[in-house]
There are 2 protein chains.
Amino acid sequence: MNLIEINKALSNQVRIDILHWLKDPEKNFPPHKELGHFNFGVCLVFIKNKADLSQSTISQYMAQLQNVGFVTATRLGKWTYFKRNEENIENYIQQLQKEL
Amino acid sequence: MNLIEINKALSNQVRIDILHWLKDPEKNFPPHKELGHFNFGVCLVFIKNKADLSQSTISQYMAQLQNVGFVTATRLGKWTYFKRNEENIENYIQQLQKEL
DNA sequence: ATAACAAATCGGTAATTATAGATTTATTAT
DNA sequence: ATAATAAATCTATAATTACCGATTTGTTAT
């Protein structure tokens, strides 16, 4: 949970957008027909479609957001679902408040 | 005052360090003998010495921090003094809190 | 006006990041 | 087993960033 690494993750518009979309899946993504809910977050295909970037790029972006602890990934069958980790996001803001 | 631009400015360790040092000039820098105070902040030479990077690099870094509104620059004679803009820094954190 | 020095700007190179396509590794349905 | 599909990983290229040295621009002291 390094501040610089997090700031790097947040210095790209697409990754910021993704985090923002994940705040309200119902509003920003079509429903998961397999699952019927967003309890585990949103599957990568939907994020990719919304961001309009390649699968590999989005997969890498999500890995970066995972690495800094801002999202969790849950694999269910073929799909991986990504969900914000609110606690870590808040902690980061706290840390920023202190150290900045 | 763009979020991404600010995050970029904050994704470099040296710039983060500088912002941190500027929080407490008395503690982090030798006294300004010309001026006798840090009311306008800290002069570039001192920041450069502390960061141990070239004059041009530090000048550029300070310009970046200025561009995002995190420091103000005051030229007095030959020297330019840099001071944190606490209001803008706080605003940024607020904005982050909302948009993230 | 000239010398001296601080800071800004310009032009360059090495390192890093953004992004893609191809390949590989799950996982499920036939 | 095989085909189909989702996601991760590997390799590559273009764009951006991290610096630096050289030059220019301000400012002050001679």
Side-chain angles (χ1 to χ4, degrees), chain A residues 2-19 22 29-35 38 40-68 70-83, chain B residues 2-19 22 29-35 38 40-68 70-83:
Chain A
N2 174 304
L3 205 88
I4 297 292
E5 290 312 309
I6 298 178
N7 287 159
K8 281 185 191 175
L10 298 183
S11 69
N12 171 287
Q13 186 66 57
V14 179
R15 285 185 304 253
I16 289 275
D17 287 343
I18 292 172
L19 279 177
L22 289 181
F29 298 96
H32 285 141
K33 41 183 193 304
E34 315 278 335
L35 225 55
F38 290 110
F40 300 105
V42 177
C43 86
L44 192 132
V45 196
F46 286 4
I47 301 173
K48 163 193 147 318
N49 289 343
K50 179 119 183 161
D52 196 27
L53 287 170
S54 77
Q55 183 267 325
S56 78
T57 298
I58 295 301
S59 180
Q60 282 164 173
Y61 281 8
M62 297 319 292
Q64 292 165 19
L65 291 174
Q66 244 189 106
N67 285 339
V68 300
F70 275 20
V71 301
T72 54
T74 310
R75 178 135 200 180
L76 294 183
K78 287 187 290 186
W79 295 275
T80 304
Y81 299 89
F82 294 93
K83 188 185 165 82
Chain B
N2 174 304
L3 205 88
I4 296 293
E5 290 311 310
I6 298 178
N7 288 158
K8 280 184 192 174
L10 298 182
S11 68
N12 171 287
Q13 186 66 56
V14 179
R15 287 187 302 255
I16 288 275
D17 287 343
I18 293 173
L19 278 177
L22 290 181
F29 299 96
H32 285 141
K33 38 183 195 306
E34 314 278 335
L35 224 54
F38 288 110
F40 300 105
V42 178
C43 89
L44 192 133
V45 196
F46 286 5
I47 300 173
K48 163 194 148 316
N49 289 343
K50 179 118 184 161
D52 196 29
L53 286 170
S54 77
Q55 182 267 325
S56 76
T57 297
I58 296 299
S59 179
Q60 282 163 176
Y61 281 10
M62 297 319 291
Q64 292 165 20
L65 291 173
Q66 245 190 102
N67 286 338
V68 301
F70 275 20
V71 302
T72 55
T74 310
R75 177 134 201 182
L76 293 181
K78 286 187 291 187
W79 295 276
T80 304
Y81 299 90
F82 295 92
K83 187 183 164 83

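Within every chain, numbering begins at 1; the chains are lettered A, B, ... in the order of the sequence lines, protein sequences first and strands thereafter.
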| side-chain contact (heavy atoms from CB on, under 4.5 Å), paired with A:Phe82, selected from A:Ile47, A:Leu65, A:Thr72, A:Val42 | A:Ile47
| message | Rounded to whole Å, please give me the gap between CD in A:Gln64 and P in C:dT17. | response | 9 Å
| request: Give the rounded distance in Å between these two atoms: CD1 of A:Ile18 and P of C:dA18. | output: 12 Å
Please enumerate all protein N or O atoms sitting under 3.5 Å from an N or O of nucleotides 21-25 of chain C, with distances to 0.1 Å.
| unit_1 | atom_1 | unit_2 | atom_2 | d |
| --- | --- | --- | --- | --- |
| C:dG21 | N7 | A:Ser56 | OG | 3.4 |
| C:dG21 | O6 | A:Ser56 | OG | 2.9 |

| query | So, do B:Phe29 and B:Asn49 sit near enough that their side-chain heavy atoms are less than 4.5 Å apart? | reply | no
| Sugar-phosphate, base or nothing in reach of B:Leu53, heavy atoms under 4.0 Å | sugar-phosphate
| message | Please report the distance, rounded to the nearest Å, between CG in B:Leu44 and P in D:dT25. | response | 19 Å
| query | Is there side-chain contact between A:Leu44 and A:Gln55, with heavy atoms separated by less than 4.5 Å? | reply | yes
| request: Mind calculating the distance between CZ (A:Phe46) and P (D:dT5) to the nearest angstrom? | output: 16 Å
| Closest approach of B:Ala9 to B:Arg15 (non-hydrogen atoms, all atoms of both residues) | O-NE, 2.8 Å
If you restrict it to nitrogen or oxygen atoms, what contacts under 3.5 Å exist between nucleotides 13-17 of chain D and the protein, and what is each distance?
| unit_1 | atom_1 | unit_2 | atom_2 | d |
| --- | --- | --- | --- | --- |
| D:dT17 | OP1 | B:Lys8 | NZ | 3.3 |

| query | Closest approach of B:Ala51 and B:Val14, non-hydrogen atoms and distance? | reply | CB-CG1, 4.2 Å
| said: Taking the nucleotide of DNA chain C with the nearest heavy atom to each, does B:Cys43 or A:Leu76 sit closer to the 5' end? | reply: B:Cys43
| field | Minimum-distance nucleotide to B:Lys78 side chain [options: D:dC19, C:dA8, C:dC5] | value | C:dC5
| message | What's A:Thr80 touching, base or sugar-phosphate or nothing? Going by heavy atoms closer than 4.0 Å. | response | sugar-phosphate
| Taking atom P of D:dA6 as reference, at what distance in whole Å does atom CD1 of A:Ile47 sit? | 14 Å
| query | Would you say D:dC19 has OP1 or OP2 under 4.0 Å from some side-chain N or O of B:Tyr61? | reply | yes
| message | Check the orientation of B:Tyr81 and B:Phe40. Use parallel for under 30°, tilted for 30 to 60°, and perpendicular for over 60°. | response | tilted
| field | Whole angstrom value for the distance that separates P of C:dT19 from CG of A:Asp52 | value | 11 Å
| query | CG of A:Leu35 versus C1' of C:dT28: gap in Å, rounded? | reply | 15 Å
| Distance, rounded to the nearest Å, where A:Lys48 contributes NZ and D:dA8 contributes C1' | 15 Å
| Distance from B:Gln13 atom CD to A:Asn2 atom CG, nearest 0.5 Å? | 7.0 Å
| query | In chain order, what residues pass the ring-ring contact (aromatic ring centres under 6.0 Å, His included) check against B:Phe70, with sequence neighbours excluded? | reply | B:Tyr92
| Less than 4.5 Å apart, any side-chain heavy atom of B:Lys8 and any of B:Val68? | no
